[in-house]
Chemist: 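Encoded as structure tokens, here's the structure I'll be asking about.
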Amino acid sequence: MGRDAIRKKRVDKTAALPLLFAFMATSESKHPSPLSLAVDFVLVAAFFAYLFTLLRAHVPSTDPTMITLWAALGAACMSGVFWLCIQMFRVVLRGQLDAKRK
């Protein structure tokens, strides 16, 4: 099979890319306000503090440094996921409110 025949059989042709992006929604580039960023920061910090105190009792160590380290690392990971959940909630809520207005 020649090189031209292989190119004709390829699925990932560059001509298909504009077709894929044509179905994606365009955003009006609404940026987060300073107030929403502050609210997100307070919520994530409170969630981190709660999980940090909760996880300290579950670290299997007697060394206070290791307990603090692993509780902080675990709380940081879960706080990152919580931040993503907040952002997804905001996007879905904005989409639903925009759809209701139309």
Chemist: Test: side-chain hydrogen bond (donor to acceptor under 3.5 Å, both in side chains). Region: residues 61-73. Which pairs qualify, not counting sequence neighbours?
Modeler: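 Sorted pair list: Arg56-Thr68.
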Chemist: Taking all non-hydrogen atoms of both residues, which atom of Ser36 and which atom of Ser33 are closest, and how far apart?
Modeler: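 Taking every non-hydrogen atom into account, OG-O, 2.9 Å.
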Chemist: Mind running side chain to side chain contact (heavy atoms under 4.5 Å, CB included) on Leu69 and Met66 for me, showing each step along the way?
Modeler: CA-CA 5 Å; Leu69 173 73; Met66 287 294 118; 4.1 Å; yes
Chemist: Listed by chain and number, what are the side-chain contact (heavy atoms from CB on, under 4.5 Å) partners of Ala38, not counting sequence neighbours?
Modeler: none
Chemist: Connecting only ILVMFWY residues whose side-chain heavy atoms lie within less than 4.5 Å of each other, what is the rest of Leu55's hydrophobic cluster?
Modeler: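 Same cluster as Leu55: Leu35, Val39, Leu43, Val44, Phe47, Tyr50, Leu51, Leu54, Met78, Phe82, Trp83, Leu84, Ile86.
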Chemist: Could you pull out all residues at least two apart from Thr53 that satisfy side chain to side chain donor-acceptor pair (under 3.5 Å)?
Modeler: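 Side chain to side chain donor-acceptor pair (under 3.5 Å) list for Thr53, sorted by chain: empty.
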Chemist: Is Leu37 isolated, or which residues cluster with it under the ILVMFWY side-chain rule of less than 4.5 Å, directly or via members?
Modeler: none
Chemist: Arg94: what forms a side-chain contact (heavy atoms from CB on, under 4.5 Å) with it, not counting sequence neighbours?
Modeler: Lys30, Asp98
